[in-house]
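Below is one structure, written out as structure tokens; comments come after it.
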Amino acid sequence: MKVNSFFIALVIVNLLTAGSLKAEILAKSVKADLSAFNKEESLWKNAKEEVVTLMMQPMVAPRPKVTTTEKIKVQAIHDGNWLVFRIRWADPRRDDAGKLGEFSDAAALMFPVKEGPPPPIFMGAKDNPVHIYHWRAQYQYDEEHGKKEMKDIYPNMSIDMYPMEFKDPGKVKGLTKEKREQYVQGQAAGNPQSYAKHAVDEIFAEGFGTSAVIENVESYGKGVWKNGEWTLILGRHMSRKNGSSLSVGKDTHLGFAIWQGSHDEVGSRKTVTMSWTPMKIEK
Amino acid sequence: MATVKNWQISRDMEYPYDEHRPKRQWAIIFDLNKCIACQTCSLACKTTWTSGKGQEYMFWNNVETKPYGSYPLAWDVRVLEKLGKQEWKKNEPYYGKTIFEGADPTEKAVHFAPKDEDWMYPNVGEDDCAGTVVAGDHISLPHDKWFFYLPRTCAHCTYPACLAACPRKAIYKREEDGIVLIDQSRCKGYGECVRACPYKKSMYNTYTRVSEKCVGCYPAVEQGYQPMCVQNCIGKIRIMGFVNPPWKARNNNPVDYLIHKLGIALPYYPQLGLEPNIYYIPPIHADRDYLAQMFGPNVDSAIAKYKKLKDDPVAQGLLVLMGSSDRILHSFDVVAGQATGYDEKGDKIVSVPVHEALVERPAFDAKNGTIRNNTP
Ligand code: SF4
Ligand code: SF4
Ligand code: SF4
């Protein structure tokens with residue numbers, strides 16, 4: 001990967017000004033069950049809110065031309081087994097995608113997998129992977145309401161018929177799921193993107209463009225958009241057989257990324273933290 | 001960026017990946033003088049590949065009326081506008097910028113991102129003529145008031161912009177036939193290919209949430225058959241085969257013959273720098289300036305040669321072979337008024353007379369005692 005001097009200059013500017021360097025997140029221990037989404041406001045009262053600075057992803061094209069999300073506010077709590085983050089950021093429009101050319105608001109939280117000095121912040125490196133929790137408003141919609149049907153996306157669209165789609169599929173002899181899905185390529189190929197999703201994707205990556213979705217998820221996420229701000233609660237199990245495994249008293253590092261759908265941000269068009277944010281998990 | 005050879009613009013150019021030509025390169029030639037916009041090709045593709053959910057408005061093969069038709073809306077003028085004014089002098093390499101060379105450092109290619117409404121009118125501008133026909137108008141060549149039909153598939157480019165722009169490397173070009181495919185299990189629907197392809201032949205499926213594109217009918221091609229849009233072409237205006245670069249051109253290869261030997265089939269918008277592999281025999285009646293911006297400065301010589309085909313029995317034989325077989329013709333010959341196509345092993349596939357025998361029948365049928373009538 002070629003890094004030109006412009007990027008390096010940007011990185012230096014960011015390092016000089018970054019709140020992310022100063023920010024250190026302390027996950028407060030709480031006496032509550034955090035194994036599932038818990039909307040109790042009082043859980044957060046002792047968790048210090050840190051401001052973390054982001055900037056447009058500067059390393060690989062295609063990339064954004066402006067920094068759309070300059071900062072996020074982060075708090076963390078844990079119950080000994082589950083670690084939960086509350087992340088807030090300004091976003092003037094709520095986007096959960098659907099139509100062609102529309103993209104979803106999203107956030108990602110990244111942990112190094114190995115112990116010791118963390119890998120490069122840009123999604124890890126070969127043999128030094130990162131574990132990413134990727135929440136999308138679009139995925140949350142799936143979890144809450146099911147995957148959008150075409151009539152949900154384009155209510156006025158007309159279509160005569162789809163192959164193998166019958167009013168009462170149960171009555172059609174020999175009609176299997178495979179037979180219906182062969183006309184829906186993404187599903188026929190088994191792409192998780194083409195099925196209703198869990199609100200949070202768990203991903204391993206060893207550098208840009210290498211991300212692969214993990215099947216066994218032990219996390220949850222719920223975002224609420226109100227008055228131009230997203231508040232995302234994202235919880236993960238601390239100990240993992242594979243992936244990043246955390247425990248009480250141990251330090252780790254965090255990376256963040258935010259996408260604003262209204263600015264056509266998706267994939268590598270995102271704002272990111274340019275350095276790892278240290279985190280302590282309170283005993 | 002790597003430096004690669006692009007023969008269509010007669011120079012080296014910059015591309016994000018190294019030059020790597022496949023063993024064979026899928027290609028289609030369209031004779032635009034013969035297309036009737038019947039859309040049989042569009043429907044052949046649609047019924048084969050895109051009848052599922054999220055593909056309702058998706059046409060991997062489409063036919064648009066030029067100059068006003070376009071799918072998605074104004075794809076051609078919007079890409080050219082983004083690239084800005086460039087020059088290409090006759091008999092010279094193209095020294096203007098390609099979409100890769102003209103790209104902002106934040107992007108892989110000069111592009112625009114179509115919105116959903118841009119895809120909603122696949123037949124916009126159909127049969128719209130450039131200019132209003134008024135009383136007293138008559139036809140001369142080229143036509144004063146003109147339009148022509150442009151059938152389009154993915155060009156399975158030698159330097160695909162879709163592939164270059166995909167941050168997940170979910171797009172690949174096949175070694176065996178040069179067909180460019182989107183891995184349906186790896187794509188995450190970022191739509192970078194939809195933005196980057198200047199021809200707008202990579203499309204987003206809102207139901208599966210991944211991108212899709214023309215697959216070159218690879219299952220047919222693997223078995224030696226031409227794609228569905230070619231096999232079903234009513235006007236017999238198409239031929240699919242494997243094109244070689246000019247330095248490897250084989251004169252008995254039908255597509256090499258039309259592209260390299262005769263020089264009558266030209267790539268479209270070669271100045272964008274993708275080395276697209278669909279080629280067009282330009283229509284003789286349309287505005288030359290318009291054709292030149294679409295097919296490059298060789299359009300005049302291509303049309304001049306096309307008009308002389310009546311004196312070239314070999315070329316005539318080849319045009320008759322177009323649409324005469326569903327199979328891929330790897331080589332051909334024209335001997336004693338008979339054009340013959342052969343498969344890869346050299347076995348005969350099809351043989352057709354260059355001129356059909358003329359049968360004259362007297363107007364009066366003496367046997368039945370009646371006047372012959374041509375009315376069906
Ligand atoms: S089937 Fe052939 S003649 Fe008909 S529109 Fe398509 S390319 Fe043209
Ligand atoms: S025409 Fe477009 S979609 Fe097809 S290979 Fe070329 S760049 Fe890719
Ligand atoms: S080659 Fe096949 S997939 Fe591509 S446009 Fe033609 S029919 Fe459709």
Side-chain angles (χ1 to χ4, degrees), chain A residues 2 4 6-7 56-58 60-66 97-104 138 142 147-150 153-154 157-165 180-195 197 201 203 208-213 264-269, chain B residues 1-2 16 47-58 72 100 103-109 111-120 161 164-170 181-196 203-213 215:
Chain A
K2 275 190 219 142
N4 72 28
F6 173 67
F7 300 150
M56 57 186 179
Q57 184 276 109
V60 292
R63 56 191 175 86
K65 292 177 182 58
V66 289
K99 288 185 176 172
L100 213 151
E102 285 183 356
F103 301 99
S104 175
Q138 182 187 31
D142 281 10
K147 189 173 163 298
K148 283 182 186 166
E149 282 294 323
M150 288 314 292
I153 307 173
Y154 292 108
M157 189 184 70
S158 77
I159 175 88
D160 300 336
M161 56 161 286
Y162 295 108
M164 301 287 169
E165 292 289 330
R180 291 170 63 181
E181 288 182 354
Q182 65 180 326
Y183 295 93
V184 185
Q185 280 93 332
Q187 292 187 339
N191 192 331
Q193 202 67 13
S194 304
Y195 291 97
K197 303 271 288 200
D201 251 359
I203 293 166
F208 271 124
T210 60
S211 61
V213 176
D264 291 350
E265 288 184 336
V266 67
S268 55
R269 300 177 196 265
Chain B
M1 287 273 220
T47 48
T48 310
W49 297 111
T50 61
S51 56
K53 286 186 185 171
Q55 300 177 313
E56 298 81 358
Y57 282 68
M58 203 185 266
F100 304 112
D104 185 272
T106 59
E107 302 289 346
K108 292 283 191 193
H111 71 253
F112 78 95
K115 293 285 177 203
D116 60 355
E117 60 262 33
D118 295 324
W119 298 96
M120 285 179 185
C166 177
R168 282 184 61 75
K169 299 190 172 69
L181 296 176
I182 302 174
D183 184 336
Q184 289 295 297
S185 62
R186 249 193 86 67
C187 173
K188 275 196 98 173
Y190 298 159
E192 293 295 348
C193 51
V194 183
R195 301 191 209 213
M203 300 165 193
Y204 181 73
N205 181 319
T206 50
Y207 186 72
T208 63
R209 307 190 287 206
V210 297
S211 300
E212 300 176 355
K213 61 181 282 302
V215 294

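All values derive from a computational prediction rather than experimental measurement. The analysis underlying the following values was restricted to heavy atoms, covering all of them including side chains, and did not include hydrogens, waters or symmetry mates. First the proteins, then the strands, lettered A, B, ... as listed; each starts at 1.
Options B/Glu212, B/Glu192, B/Lys169 differ in how many heavy-atom pairs under 4.5 Å they form with chain A, and the most are formed by B/Glu192. The candidate from B/Gly54, B/Cys166, B/Pro114, B/Pro16 with the greatest count of non-hydrogen atom pairs under 4.5 Å with chain A is B/Gly54. Contact count versus chain B (heavy atoms, under 4.5 Å) is highest, among A/Gln193, A/Glu149, A/Arg180, for A/Gln193. Taking chain B as the reference chain and counting heavy-atom pairs below 4.5 Å, the highest number among A/Gln182, A/Gln138, A/Met161 is found for A/Gln138. For the set A/Lys65, A/Lys148, A/Met150, A/Gln57, the count of heavy-atom pairs under 4.5 angstrom toward chain B peaks at A/Met150.
Residues satisfying the ring-ring contact (aromatic ring centres under 6.0 Å, His included) criterion with B/Phe100, sequence neighbours excluded, are B/Tyr15. In this structure A/Asn191 satisfies the side-chain hydrogen bond (donor to acceptor under 3.5 Å, both in side chains) test with no other residue, sequence neighbours excluded.
Contact record, B/Lys108 with A/Ala61: CE-O, 3.3 Å, taken as the closest heavy-atom pair. B/Gly189 and A/Phe103 get closest at one heavy-atom pair: O-CE2, 4.3 Å. Listed here is the closest heavy atom pair of A/Met157 and B/Tyr57: CG-CE1, 3.6 Å. Between A/Gly101 and B/Lys115, the shortest heavy-atom distance links the atoms O-NZ, 3.1 Å. The two residues A/Asp264 and B/Arg195 have their closest heavy-atom pair at O-NH2, 3.0 Å. Considering all non-hydrogen atoms of both residues, B/Ser185 and A/Ala189 come closest at CB-O, 3.5 Å.
Using a 4.0 Å cut-off between a side-chain N of Lys or Arg and a carboxylate O of Asp or Glu, B/Glu107 and A/Arg269 qualify as a salt bridge.
Between A/Gln185 and B/Tyr207, the side chains place no donor N or O within less than 3.5 Å of an acceptor N or O (distance only, hydrogens not considered).
Of the atoms belonging to B/Gln55, it is side-chain heavy atoms, and not backbone ones, that fall under 4.5 Å from chain A. Only the side chain of A/Glu165 comes within less than 4.5 Å of a heavy atom in chain B; its backbone stays farther off. Interface residue A/Asp201: only side-chain heavy atoms are found under 4.5 Å from chain B. For B/Asn205, no part lies near chain A; criterion is any non-hydrogen pair under 4.5 Å. For chain B, the nearby part of A/Tyr154 is the side chain; its heavy atoms alone come within less than 4.5 Å. Heavy-atom distances place the side chain of B/Met120, and not its backbone, under 4.5 Å from chain A. Within the 4.5 angstrom heavy-atom criterion, atoms from both the backbone and the side chain of B/Arg186 approach chain A. Only the backbone of B/Ala165 has a heavy atom closer than 4.5 Å to any heavy atom of chain A. With a 4.5 Å cut-off on non-hydrogen atoms, A/Lys99 touches chain B through its backbone and its side chain both.
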Do B/Lys53 and A/Gln187 pass the side chain to side chain contact (heavy atoms under 4.5 Å, CB included) test, and can you show the C-alpha distance, the side-chain angles, and the key distance before you say yes or no?
CA-CA 11 Å; B/Lys53 286 186 185 171; A/Gln187 292 187 339; over 6 Å; no
Verify side chain to side chain donor-acceptor pair (under 3.5 Å) between B/Tyr204 and A/Glu102, making sure each step is shown before the conclusion.
CA-CA 11 Å; B/Tyr204 181 73; A/Glu102 285 183 356; over 6 Å; no
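Interatomic distance, OG of B/Ser51 versus CG of A/Asp160, reported as 12.0 Å (0.5 Å rounding). Taken to the nearest 0.5 Å, the OG1 atom of B/Thr208 stands 10.5 Å off from the OH atom of A/Tyr195.
Considering only heavy atoms from C-beta on, A/Arg63 comes within 4.5 Å of B/Pro105 through its side chain.
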